[in-house]
Number of protein chains: 2
Amino acid sequence: MTKPGKATITDIAKRVNMTTVTVSRALNRPEKVKKETLDRILEVARELNYVPNALARNLKSRESRLVGLITASLDNPFYGEIIKAISREAKKRGYSLLLFDTDGSPELEERAVDTLLSYQVSGLILSVVSDDNDYHPAYLPKLELARIPVTQIDRKLAKAPFPGVYLENTESGYQGARTLLKQGHRHILIVGGPEKSNITISRLAGIRRALDECPEPTKLDVLYGDYTQTPAREAVNAYLASGKRPDAIFGLNILIMLGTLEAIRQHGLSREDIGLFSIDQVPYADIFGEPIPCITHNTYQLGLTAINMLLRKIDDPGYQPYDEIISGELRL
Amino acid sequence: MTKPGKATITDIAKRVNMTTVTVSRALNRPEKVKKETLDRILEVARELNYVPNALARNLKSRESRLVGLITASLDNPFYGEIIKAISREAKKRGYSLLLFDTDGSPELEERAVDTLLSYQVSGLILSVVSDDNDYHPAYLPKLELARIPVTQIDRKLAKAPFPGVYLENTESGYQGARTLLKQGHRHILIVGGPEKSNITISRLAGIRRALDECPEPTKLDVLYGDYTQTPAREAVNAYLASGKRPDAIFGLNILIMLGTLEAIRQHGLSREDIGLFSIDQVPYADIFGEPIPCITHNTYQLGLTAINMLLRKIDDPGYQPYDEIISGELRL
DNA sequence: CTGTTAGCGCATTCAG
DNA sequence: CTGAATGCGCTAACAG
């Protein structure tokens, strides 16, 4: 009955003995078409299982109703709510989501940007593989020239002109360290991300400030990693294997804290032996009756802020967004 | 320097005094263009920050290099690895991912299908909001007529002609129940999904078979829900509040088990008081030293199988995929 | 209310 | 090796 390929407005036009223009009108501005014609066209459209071709429409209108999302790892629990928020809000506003997981690879990140640009995305949310000061992705000039709205998330590119939504890192470090000090811990092990990551640097700065304020002598050890679980576990394992025993361990993100917990277990240490603190809440810890003191962030809000910033800038190119900071909340 | 809009092959053509045809060739079949011309074109292309317009290209070629993914909830941990696998493999094969979260809403699911069709996706991976026998989405005929490859995941549509990758549900139920019986539990509470969900029905069938095989008298209670955490928690809470005390609780998926754990805690019950079993592994349980016996599935493999099935069918329309079953593994 | 013309950016004939 | 012509599906002007 139906043609092999998909039906186009041309097919409909033929069937109703009209031109494509009228069909197009009927579909987009129903009020500008005579009722009978309209009905007839809609009827045939449904008969033919007509689905508008977004590619053609977008080619013409020069906007794709597509939003790109680039993230360094889809399965990082930190991003769960963020993606959910972005997806929901984008959909609500008529945008679809083109998703890229760079797996932490700068090459894939570059390819993702290229691909997104080629699809003429209306805007792009970017959480970059690295926030080191010396990470200068080659695609940056290209992205700027593309003149499409870009919103960064969590990790801030050293010198990119794009606004973003970030966490309150220094303060979180400060609060975390204070909490541990207040609990009486004096020898603290920090397990962080890359040494040159600005997030890690900021959090450490906050931590150091808290220690400086402490009247008693304190000791700080720092382990660097890459914000993922396995390296964190291995680093802590090695540290503990060397016989060192801090009073407390402060993991700078969820995955790091998970790796840390693994290491602690492997060394037969219990939660009573060692204080813990993490930035962002380890999922389900409460459910297992092992709540870990932490700074939580409303990540859904973060995602929402980012997508709203982006969509607003898409709607109004004159809008000049500024960075937004999501502040954390101490959770003991 | 550069024009406001993005550069097109026409811009490049003008700059090098050639036609778009040659430019297009240079970009796609470099070997069919004189070396000098080629170099010149590539040089100008880079100067102009040229990015091919995928919309135009795809409109012409009638294929989008886009794969759609529809899932009922992005933040369900069960889907984490699945999405990762799909994303990775798709990217590797030159496809990009258009992602939709239906939030459990049939309406959003229908809209997602429409949108995906309009973007001329090359194929579509579908995890439907409901696998009840009487869920017959209105979009089904449309989707069939679209003649694009579709692969289902986890939840199987009652009568849709699309192949899929599913879990071994009856067997998992059987193994789970046997495990609990072997541990001496005789009064078992099942917390499942919707009463009419085929997955729940199959798992229950396996469970009942195990109980039937038990020589001693057993008791089975069943609570239905919707595969998410809150309803599960509330159902179990109400159940426990009524004073009933099963020997063990068998949660039919991760979120259900999490809700169950919450309820147990709220009632001051400990892990010693009650046996537990879940289908799919509750994330991080081991890390918290509270491993929960379960049937695990290699969900990465599931995702990989699904995307490979899809891509193969895209490449070879003659290929007739059959359903694949991912079997579980008992983990005590 | 409906049609004509034209073009979005690209790539595929078919000639030269 | 390069170009002229054509059309993918859709829609904005501008008629009529």
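This one's a predicted model, so the numbers in the text were calculated from it and none came from an experiment. Numbered from 1 within each chain, the chains take letters A, B, ... in sequence-line order.
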Within residues 115-124 of chain A, find the residues that approach DNA chain C with a heavy atom at under 4.0 Å, and present them sorted by residue number. none

Which residues in residues 54-61 of chain B have at least one heavy atom lying under 4.0 Å from any atom of DNA chain C?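 Residues of residues 54-61 of chain B under 4.0 Å from DNA chain C: B/A56, B/R57, B/K60.
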
Ignoring hydrogens and geometry, is there a side-chain-to-backbone donor-acceptor pair from [X] to [Y] under 3.5 Å?
X: B/S64; Y: B/Q120; value: yes
X: A/R155; Y: A/V129; value: yes
X: B/N28; Y: B/S24; value: yes

Distance-only polar pair, side chains of [X] and [Y], donor-acceptor under 3.5 Å:
X: B/E107; Y: B/S105; answer: yes
X: B/N198; Y: B/D132; answer: no
X: A/Y79; Y: A/S127; answer: yes

Counting heavy atoms from C-beta on, name the nucleotide in C/dC10, C/dG3, C/dC8 closest to the side chain of A/R62. C/dC8

I want to check something: taking the side chain as every heavy atom from C-beta on, are A/E324 and A/Q301 in contact at a cut-off of under 4.5 Å?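 In short, these two side chains do not touch, never coming nearer than 4.5 Å.
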
Does any part of the side chain of A/E89, heavy atoms only, come nearer than 4.5 Å to the side chain of A/Y95, both counted from C-beta?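 Sidechains of A/E89 and A/Y95: no contact.
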
Reported OG1-to-CD1 distance for the pair A/T299 and A/I153, which is rounded to 0.5 angstrom: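 It comes to 10.0 Å.
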
Between the NZ atom in B/K159 and the OH atom in B/Y135, the distance rounded to the nearest 0.5 Å is 15.0 Å

Could you state the [atom1]-[atom2] distance from [X] to [N], rounded to the nearest angstrom?
X: B/I9; N: C/dT12; atom1: CD1; atom2: C1'; value: 12 Å
X: B/D11; N: C/dC8; atom1: CG; atom2: C1'; value: 13 Å
X: A/R25; N: C/dC1; atom1: CZ; atom2: C1'; value: 8 Å
X: A/N53; N: C/dG9; atom1: CG; atom2: P; value: 16 Å
X: A/N28; N: C/dT2; atom1: CG; atom2: P; value: 15 Å
X: B/E63; N: C/dC10; atom1: CD; atom2: P; value: 17 Å
X: A/K34; N: C/dC1; atom1: NZ; atom2: C1'; value: 7 Å
X: A/M18; N: C/dT2; atom1: CE; atom2: P; value: 5 Å

For the helix from C/dC1-D/dG16 to C/dG16-D/dC1, what angle lies between the axis at the first five pairs and the axis at the last five pairs, to 10 degrees?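 Nearest ten degrees gives 40° for this helix.
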
Please enumerate all residues that pass salt bridge (Lys or Arg N to Asp or Glu O under 4.0 Å) together with B/K313, with sequence neighbours excluded. none

Just to verify, what does B/R88 make a salt bridge (Lys or Arg N to Asp or Glu O under 4.0 Å) with, not counting sequence neighbours? A/D103

Counting the atoms with a prime plus P, OP1 and OP2 as sugar-phosphate, which does A/V21 contact under 4.0 Å by heavy atoms, base, sugar-phosphate, or nothing?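 Base, at least one base atom sits under 4.0 Å.
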
Heavy atoms under 4.0 Å, any strand shown: does B/S24 hit a base, just sugar-phosphate, or nothing? base

Is it true that A/D114 and A/K142 have a side-chain N and a carboxylate O under 4.0 angstrom from each other?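 Salt bridge present between A/D114 and A/K142.
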
Whichever of B/T22 and A/T10 has its nearest DNA chain D nucleotide further upstream toward 5':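 Per heavy-atom nearest nucleotide, the more 5' residue is B/T22.
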
When you look at B/D131 and B/K156, which way does the salt bridge (charged side-chain N to carboxylate O under 4.0 Å, His left out) test go after all the steps? CA-CA 6 Å; B/D131 72 329; B/K156 186 184 174 95; over 6 Å; no

Boundaries of the DNA chain D segment in contact with chain A, non-hydrogen, under 4.0 Å: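 Both ends considered, the range comes out as D/dG9 to D/dC14.
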
